[in-house]
Number of protein chains: 2
Amino acid sequence: MSTDEPYAPEPAGPAPADPSLAHRMPALGSLQLLLAVARLGSLGRAAEELGISQPAASGRVRAMERDLGLALVDRSPRGSRLTPAGALVTDWAGRVVEASAAFDAGVQALRDRRDARLRVAASLTIAEYLLPGWLIALRPLRPATAVSLRAGNSEAVAALLLDGEADLGFVEGPAVPAGLDAVTVARDRLVVVTAPGHPWTRRTAPLDAAELSGRPLILREEGSGTRQVLAEAVGGLAAPLLELASTTALKAAVASGAGPAVLSELAVSDELAAGRLVKIPVEGVRLTRELRAVWPAGHPPVGPARDLLALTRGGRG
Amino acid sequence: MSTDEPYAPEPAGPAPADPSLAHRMPALGSLQLLLAVARLGSLGRAAEELGISQPAASGRVRAMERDLGLALVDRSPRGSRLTPAGALVTDWAGRVVEASAAFDAGVQALRDRRDARLRVAASLTIAEYLLPGWLIALRPLRPATAVSLRAGNSEAVAALLLDGEADLGFVEGPAVPAGLDAVTVARDRLVVVTAPGHPWTRRTAPLDAAELSGRPLILREEGSGTRQVLAEAVGGLAAPLLELASTTALKAAVASGAGPAVLSELAVSDELAAGRLVKIPVEGVRLTRELRAVWPAGHPPVGPARDLLALTRGGRG
DNA sequence: ATGGCCTCATAACCTGGTCCTATGAGCACC
DNA sequence: GGTGCTCATAGGACCAGGTTATGAGGCCAT
């Protein structure tokens, strides 16, 4: 069992998905409860914060410990503290809660189109990866501000701004649409990724545009901004190996060995850090994009839009 | 409503927590279902993959659309595809599922101590932020390998390795413990963070060691590796403003304006990008740490341990 | 055209988890 | 020894989600 092949002979099937994950996973409320216990030091006070009764909290923590097979909390007559394992589990729980809060913030913005006080129009990459976090950061500053989100490409964003149907926009790409003022809030790069063990990971020379445009890739569906940018940069694309409707599904397919894909660096930083995906060097292709905040020329944002803009600039605004 | 103070007068209370988030949030299984629909293009096939009946899948998606107030899926007699809003929601859902998978991988490793084939000992920062991702990446390569995790400081990791009770270790800090060989797998920096609007964000000069050791901070509880490293680097710490049991709780407290804290850059990259936390420059303090894989000198890891090591080095191994 | 096959939707019923209120038990501090 | 805090237990109500069985609609090949 020592020197056998480290890489299995490529299952290469489309993609995984663990049906039992949802059963092994505590409910979101239980994770929040654990975080509240960590912060407040008492089951009862944590229960109060979450608006449930103390026995319910006691029961949930107990059930969680039973299901996970770990002692998480040291109870005592004057409070509860996390065990060492509990502290670790609580940190992991925090990541789940954060991702859930981002999901929630995004969904609310996508729905609240009605009485929105702050109407944001954003490109897909920004809406996917950056905007939910910004909205969470904005909430304590502007608790009463309902935010609405429209996602679309640069032209759509520009049109919404110029028609007065959006207060602040975010676009990606080389050019600032006509009639808009802009400031760069971040930079993004498209990267070529494969599963570890893919033949491309053993290349010595970087890929070039011709190779990228000639090889079948796993792509988002037609109309995706990233796909368009890529097609433009390399001069057309081969017929896709597979077309998927979400970036996450795409990453899962790549990780399972279905083939290479081109994705925003923002989308794959975690996977690269963990080695679930491998970045393939590319040469001679312009894959860097500016991510910019935009507004109608001469009308700098005010009110909530100004606050959101300041946030995106990391307090430098 | 245009030029009012962008920063509210500091609620500064300990920290938030939204009790209703769990109610607004679809169940994890529903999010997985959405991802499966995106990938497979059909409710029925998605249902099959998740091991539930087709009506259950239909009902879950319908309920999710009702609860979120968004049309997510376009149904047709020959399959289902995501709507544009559905694609965005599915991507956000993917982040939640990923965080959940990391939680699950971590918990399993923490529990499986019994028949583990690969016993890992890691420092807390690594166990918190990197190891779950590595374990997920390892699974397809070594499906049958049960992994166990012990978390502890460098001495504890070294002791476990030298006693033959762990197969591979990960430590953080300036020195490699005696008797171990090491390779650097990542770098980490401690950063000082506050809420946006905190007085420190308006400083012009960087902080120095004396200021850091003199001001009360929000800290992890006694025994935290990060806390020890910090205390050493600045020469002692003032009495803490607040002591919390998990990094996530700490971040929430800082973000809510309770005070400044010092955290691993790995822990706060998301918050910094979103502007929920602000990094305060520091000068004259050595806050960079090497994150190293370690093993008993002269006995390079073999088998699953070798594969894990290769993963952590980004395929360069 | 018509039967077969795929899709998703509806109906009726069951089960199980989770909540609540009410109460008990342990420890600390005045 | 009260009084106040902690967490645990018990009994009963409730709702979400699951299942099987069936219906309805479009596509395609015979």
Side-chain angles (χ1 to χ4, degrees), chain A residues 18-83 86 90 100 245, chain B residues 19-83 86 90 93 100 245:
Chain A
D18 184 352
S20 62
L21 175 60
H23 294 103
R24 286 196 305 272
M25 208 55 201
L28 182 61
S30 297
L31 303 183
Q32 289 185 288
L33 179 62
L34 199 56
L35 286 161
V37 171
R39 187 154 32 78
L40 302 174
S42 139
L43 283 181
R45 279 196 287 157
E48 186 186 5
E49 179 171 285
L50 295 188
I52 61 177
S53 69
Q54 172 270 320
S58 178
R60 288 193 86 138
V61 172
R62 174 169 302 279
M64 194 159 40
E65 290 180 312
R66 167 174 45 76
D67 295 343
L68 300 182
L70 292 170
L72 303 175
V73 172
D74 269 338
R75 292 121 171 119
S76 89
R78 62 188 178 297
S80 296
R81 300 164 56 78
L82 298 179
T83 62
T90 301
S100 299
Chain B
S20 61
L21 176 60
H23 293 102
R24 285 197 305 271
M25 210 53 203
L28 182 61
S30 297
L31 303 182
Q32 289 186 286
L33 179 61
L34 199 56
L35 286 161
V37 171
R39 186 152 33 77
L40 301 174
S42 139
L43 283 180
R45 280 197 286 157
E48 186 187 5
E49 178 170 284
L50 295 188
I52 63 176
S53 69
Q54 172 270 319
S58 177
R60 288 193 86 139
V61 172
R62 174 168 301 280
M64 195 160 37
E65 290 180 312
R66 168 174 45 77
D67 296 343
L68 300 183
L70 292 170
L72 302 175
V73 172
D74 269 336
R75 291 116 169 123
S76 89
R78 60 187 180 296
S80 296
R81 301 164 55 79
L82 297 179
T83 63
T90 302
S100 299

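To find a chain, count down the sequence lines: A is the first, B the second, and so on, and within it residues start at 1. In this text the structure is predicted, and so the values were computed from the model without any measurement.
- The phosphate of C:dT10 (OP1 or OP2) has a side-chain N or O of B:Arg62 nearer than 4.0 angstrom.
- One can place CD1 of A:Ile52 at 14 Å from C1' of D:dC7, the figure rounded to the nearest angstrom.
- When the nucleotides C:dC27, D:dT20, D:dG18 are ranked by their closest atom to the side chain of B:Arg60, D:dG18 comes out on top.
- The residue B:Ala56 sits close to a base: some heavy atom pair falls under 4.0 Å.
- Atom P of nucleotide C:dC6 and atom CD of B:Glu48 are separated by 12 Å, given to the nearest angstrom.
- In this structure, NE2 of A:His23 is placed 13 Å from P of C:dG16, rounded to the nearest angstrom.
- Going from atom CD of A:Gln54 over to atom P of D:dC7 covers 6 Å, rounded to whole Å.
- In this structure, A:Leu33 atom CG and D:dC7 atom P are separated by 11 Å, rounded to whole Å.
- Between A:Arg75 and D:dT6, a side-chain N or O to OP1/OP2 separation shorter than 4.0 Å is absent.
- Nearest nucleotide to the A:Ser80 side chain, out of C:dA28, D:dG18, D:dC7: D:dC7.
- Checked against C:dT21, C:dC8, D:dT6, the side chain of A:Ser53 finds its nearest nucleotide in C:dT21.
- To the nearest 0.5 angstrom, B:Leu82 atom CG is 11.5 Å from B:Arg39 atom CZ.
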Exercise. Test side chain to side chain contact (heavy atoms under 4.5 Å, CB included) on B:Leu33 and B:Leu43 and set out the steps.
Key: CA-CA 8 Å; B:Leu33 179 61; B:Leu43 283 180; 5.5 Å; no

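- Along DNA chain C, the nucleotide nearest to A:Pro55 and the one nearest to B:Gly41 differ in position, and the one closer to the 5' end is contacted by B:Gly41.
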Exercise. Would you sort out whether A:Arg75 and A:Val61 count as a side chain to side chain contact (heavy atoms under 4.5 Å, CB included), showing the intermediate values?
Key: CA-CA 11 Å; A:Arg75 292 121 171 119; A:Val61 172; 3.4 Å; yes

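- Residue A:Ser58 has no polar side-chain atom (N or O) positioned under 4.0 Å from OP1 or OP2 of D:dC7.
- If you find the closest nucleotide of DNA chain C to B:Gly79 and to B:Gly59, the one lying nearer the 5' end belongs to B:Gly79.
- The separation between B:Arg66 atom CZ and D:dG17 atom C1' is 12 Å, rounded to whole Å.
- The distance between atom CG of B:Asp67 and atom C1' of D:dG17, rounded to the nearest whole Å, is 13 Å.
- For the pair B:Leu21 and A:Ser100, the tightest heavy-atom approach, listed with the atom from each and the gap, is CD1-O, 4.1 Å.
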Self-check item: Worked check of side chain to side chain contact (heavy atoms under 4.5 Å, CB included) between B:Thr90 and B:Leu72
Solution: CA-CA 9 Å; B:Thr90 302; B:Leu72 302 175; over 6 Å; no

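- Contacts of A:Ser42 with the nucleic acid, taken as non-hydrogen atoms under 4.0 Å apart, involve only primed sugar atoms and P, OP1 or OP2.
- Summarising the geometry, the separation between CG on A:Leu43 and P on D:dA8 is reported as 6 Å, rounded to the nearest angstrom.
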